[in-house]
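Contents: one structure, followed by commentary.
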Protein chains: 2
Amino acid sequence: MSAIGNLRAVSEAYPCDENGLRALFLRQPSEIAEAGAALFFEGDPACHVFHLVSGNVRICRFLADGHRFIIGFLRAGDLIGLSFRSRYMFGAEAIDRVAFRRMSKRMFEEELQLAPEHRSQMLSHLRDEITASQDHMLLLSQKNAEERVCTFLLDRLDSDDTPGLVSLPMIRSDIADYLGMTIETVSRTLTKLVLKGIILPAARHQFKVVSRSSLARHANEANEYDDHQGEALRVLQ
Amino acid sequence: MSAIGNLRAVSEAYPCDENGLRALFLRQPSEIAEAGAALFFEGDPACHVFHLVSGNVRICRFLADGHRFIIGFLRAGDLIGLSFRSRYMFGAEAIDRVAFRRMSKRMFEEELQLAPEHRSQMLSHLRDEITASQDHMLLLSQKNAEERVCTFLLDRLDSDDTPGLVSLPMIRSDIADYLGMTIETVSRTLTKLVLKGIILPAARHQFKVVSRSSLARHANEANEYDDHQGEALRVLQ
DNA sequence: CGTGGTCTTGATCTACCTCAAAGTGGGTGG
DNA sequence: CCACCCACTTTGAGGTAGATCAAGACCACG
């Protein structure tokens with residue numbers, strides 16, 4: 001349900017969808033960004049498309065009055081920049097030590113020309129991003145603090161490597177700006193979920209989910225429709 | 001800045017972008033939906049792509065607890081269904097009497113095959129939708145009631161035919177569910193803007209904008225970056 | 001063993017929600 | 001043409017979830 005963060009999970013469900021796109025980056029050298037460093041800033045001319053090799057990245061925008069909004073979190077395997085026009089519409093900052101590969105938009109475009117099936121993967125990726133954005137709008141406009149935090153934990157649970165564990169590499173203010181709340185409310189809500197026995201503090205930046213179903217119930221998610229069923233009808237691939 | 005509503009304005013800025021896509025629908029018969037009727041429901045198998053000829057449509061989703069969220073408003077010229085997977089992720093309802101044309105996804109796909117440049121238009125459209133979604137997330141997570149309403153009016157002002165006039169064909173509860181507030185707060189905020197002399201009630205479902213700059217100031221928009229500048233570099237077209 | 005960044009907890013405040021009632025205007029039928 | 005109705009809108013009064021302000025607690029780091 002994260003704006004961007006869960007695209008990895010989506011692509012795991014359709015393993016063949018974007019591997020092709022990701023493979024393009026293997027020829028590029030791997031670069032490193034230290035925690036806190038910016039890969040690029042909001043408003044910069046958009047020259048590159050990025051592929052995250054390891055680490056975590058936050059995607060942010062700023063209001064005129066200085067307020068920050070976090071559009072989403074990215075992790076290993078995610079792509080950045082597929083939806084850009086001539087300028088980056090948001091900034092990308094390393095949460096921890098990040099390894100990434102980049103490719104100029106020009107080169108990326110040439111690769112797409114060589115293998116047109118990549119265009120379908122692009123479309124698929126963009127549609128996933130739109131769906132995720134809409135889910136997040138729903139969260140921001142209709143859900144209360146507890147539902148927001150539960151939804152967030154659920155998303156990260158589903159896309160995490162270790163079953164039953166949720167890792168939150170970002171700090172509270174990142175979560176707050178992503179969920180549209182304050183750090184205090186995020187903290188209080190997490191405490192409340194612990195007291196309710198739904199989650200347990202496991203390690204620094206990590207929680208154990210005691211009851212996934214309970215978490216899901218508190219997330220108040222919209223009904224899910226099986227999107228795989230009509231796969232044969234899927235157009236624009 | 002609306003999630004979907006301002007795509008028309010965007011495409012007016014790039015007049016050649018999507019006309020091609022829209023032209024595909026001219027061969028289809030025009031259909032009518034009366035006010036309140038649904039073009040399709042959330043969760044239905046996604047069989048068609050729609051082109052709105054006249055009238056206004058609201059796009060909605062529902063939470064498990066019955067709360068409604070309006071993703072955006074569509075008007076003459078807009079397309080619906082380009083971002084669908086196998087099922088509609090939201091419902092579409094006619095606000096007033098609506099004329100539209102539709103095309104099966106299969107036929108639409110075939111048209112795309114025949115004229116591959118349409119794929120670039122698809123990509124362009126989807127990227128616009130993503131940008132609009134992100135703007136709206138920013139509104140929902142960071143803006144207060146007055147900023148939300150001003151932003152909404154500003155969007156509709158920019159994409160309206162009659163300069164200085166904003167028409168709001170939808171009812172207050174539609175606006176409320178779109179901006180993530182209650183009908184009472186929408187009403188109170190509009191009244192306050194009238195008292196401040198920023199807008200004037202002009203007709204039923206219509207306001208006159210006295211001071212566009214004042215409206216913009218109260219909207220607290222993020223800084224805009226000129227996206228046209230790097231047009232020559234635009235890839236994926 | 002400080003020190004600075006992060007996180008939690010508490011007390012208070014407020015923007016917006018909720019509940020309630022009155023106002024408005026278009027449509028319908030007599 | 002008027003009177004009624006119904007859906008929509010506005011306005012008011014009071015309540016509350018979450019923000020804000022403030023103070024400790026925790027922890028990694030030099």
Side-chain angles (χ1 to χ4, degrees), chain A residues 34-36 56 58 63 65-69 93 95-97 139-152 167-196 199-207 218 220, chain B residues 34-36 56 58 63 65-70 93 95-97 139-150 152 167-196 199-207 218 220:
Chain A
E34 295 300 333
N56 295 274
R58 61 174 169 255
L63 279 184
D65 64 3
H67 275 141
R68 185 182 70 157
F69 170 58
E93 298 170 10
I95 289 173
D96 40 24
R97 188 186 176 85
L139 176 146
L140 291 170
S141 76
Q142 300 288 352
K143 293 191 178 182
N144 63 28
E146 189 173 275
E147 291 166 346
R148 290 179 196 213
V149 171
C150 287
T151 304
F152 180 61
S167 56
L168 306 176
M170 69 294 293
I171 64 178
R172 292 287 182 270
S173 69
D174 289 338
I175 301 176
D177 289 347
Y178 175 59
L179 297 179
M181 16 198 308
T182 60
I183 53 173
E184 294 94 334
T185 304
V186 170
S187 182
R188 274 187 256 267
T189 306
L190 284 170
T191 305
K192 190 161 61 168
L193 292 178
V194 171
L195 291 177
K196 283 187 178 181
I199 58 175
L200 275 175
R204 189 159 177 77
H205 290 178
Q206 203 168 51
F207 284 94
H218 284 78
N220 187 23
Chain B
E34 294 301 334
N56 295 274
R58 61 173 169 257
L63 279 183
D65 63 4
H67 276 142
R68 186 181 70 158
F69 169 58
I70 292 200
E93 297 170 11
I95 289 174
D96 40 24
R97 189 185 175 85
L139 176 146
L140 291 170
S141 76
Q142 301 288 352
K143 293 190 177 182
N144 63 27
E146 189 174 274
E147 291 165 346
R148 290 179 195 213
V149 171
C150 287
F152 180 62
S167 55
L168 307 176
M170 70 293 293
I171 63 178
R172 292 287 182 271
S173 68
D174 289 338
I175 301 176
D177 288 347
Y178 176 60
L179 297 179
M181 9 195 318
T182 59
I183 52 174
E184 293 94 334
T185 304
V186 171
S187 181
R188 275 187 255 267
T189 306
L190 284 171
T191 304
K192 192 161 60 169
L193 292 179
V194 171
L195 291 177
K196 284 187 177 180
I199 58 175
L200 275 176
R204 190 157 176 77
H205 290 179
Q206 202 169 51
F207 284 94
H218 284 79
N220 188 24

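Here is how names work: the chains are called A, B, and so on, in the same order as the sequence lines, proteins then strands, and each is numbered from 1.
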**OP:** Calculate the interatomic distance between L195(A) atom CG and dT9(C) atom C1'; express it in whole Å.
**Re:** 12 Å
**OP:** Report the C-alpha distance between V149(B) and K192(B) in whole Å, list the side-chain angles of each, state the deciding distance to 0.1 Å, and finish with yes or no for side chain to side chain contact (heavy atoms under 4.5 Å, CB included).
**Re:** CA-CA 11 Å; V149(B) 171; K192(B) 192 161 60 169; over 6 Å; no
Subject >> Euclidean distance, atom CG of residue L190(A) to atom P of dT8(C) [Å, nearest integer] >> reply: 7 Å
Original post:
Could you give the CG-to-P distance, from D174(A) to dG5(C), as a whole number of Å?
Top reply: 16 Å
Original post:
Can you name the nearest heavy-atom pair linking T182(A) to A176(A), along with the distance?
Top reply: C-CB, 3.6 Å
Subject >> Axis bend over the full length of the helix from dC1(C)-dG30(D) to dG30(C)-dC1(D), computed from five pairs that close each end, to 10 degrees >> reply: 30°
Subject >> Phosphate-side-chain proximity, H205(A) and dT6(C), N/O vs OP1/OP2 below 4.0 Å >> reply: no
Original post:
Within this structure, what is the CZ-to-C1' distance between F207(A) and dC7(C), rounded to whole angstrom?
Top reply: 10 Å
Subject >> Evaluation steps, side chain to side chain contact (heavy atoms under 4.5 Å, CB included), between L193(B) and F207(B) >> reply: CA-CA 11 Å; L193(B) 292 179; F207(B) 284 94; over 6 Å; no
Original post:
Is the base of dC16(C) touched by the side chain of E146(B) through a donor-acceptor pair closer than 3.5 angstrom?
Top reply: no
Original post:
Are the side chain of R148(B) and the backbone N or O of L140(B) linked by a donor-acceptor pair below 3.5 Å?
Top reply: yes
**OP:** Please state how far atom CD1 in I171(A) lies from atom C1' in dT6(C), giving the value in whole angstrom units.
**Re:** 7 Å
**OP:** Could you please name the option among dC17(C), dA20(C), dT8(C) that lies closest to any side-chain atom of R172(A)?
**Re:** dT8(C)
Original post:
When you check the phosphate oxygens OP1 and OP2 of dC17(C), does a side-chain N or O of T185(B) lie under 4.0 Å from one of them?
Top reply: yes
Original post:
Which pair of heavy atoms, one from E146(B) and one from T189(B), lies closest together, and at what distance?
Top reply: CA-CG2, 3.7 Å
Original post:
Would one find a side-chain N or O of T182(B) under 4.0 angstrom from OP1 or OP2 of dC17(C)?
Top reply: yes
Original post:
Between the side chain of Q142(A) and the main-chain N/O of R68(B), is any donor-acceptor distance below 3.5 Å?
Top reply: yes
Original post:
Among dC17(C), dT8(C), dG10(C), which is the nearest nucleotide to the side chain of R188(A)?
Top reply: dG10(C)
**OP:** Describe the nucleic acid contact of R204(A) in one word from base, sugar-phosphate, nothing, applying a heavy-atom distance below 4.0 Å.
**Re:** sugar-phosphate
Original post:
How would you give the extent of chain A contacts on DNA chain D, as first and last nucleotide 5' to 3' within a 4.0 Å heavy-atom cut-off?
Top reply: dG18(D) to dA28(D)
**OP:** Starting from C1' on dC17(C), measure out to CD on Q142(A) and report it in whole angstrom.
**Re:** 13 Å
Subject >> Between C1' of dG26(C) and CG of D96(B), the distance in whole Å >> reply: 16 Å
**OP:** Take F152(A) and L168(A) through the side chain to side chain contact (heavy atoms under 4.5 Å, CB included) test and state the conclusion after the steps.
**Re:** CA-CA 10 Å; F152(A) 180 61; L168(A) 306 176; 3.7 Å; yes
Original post:
dG5(C) C1' sits how many Å from M170(A) CE, rounded?
Top reply: 18 Å
Original post:
Hey, is the main chain of I70(B) close enough, under 3.5 Å, to the side chain of D177(B) for a donor-acceptor pair?
Top reply: no
**OP:** Test K143(B) against C150(B) for side chain to side chain contact (heavy atoms under 4.5 Å, CB included), laying out the working first.
**Re:** CA-CA 10 Å; K143(B) 293 190 177 182; C150(B) 287; over 6 Å; no
Original post:
Quick one: does D96(B)'s side chain have a donor or acceptor within less than 3.5 Å of a partner on N56(B)'s backbone?
Top reply: yes
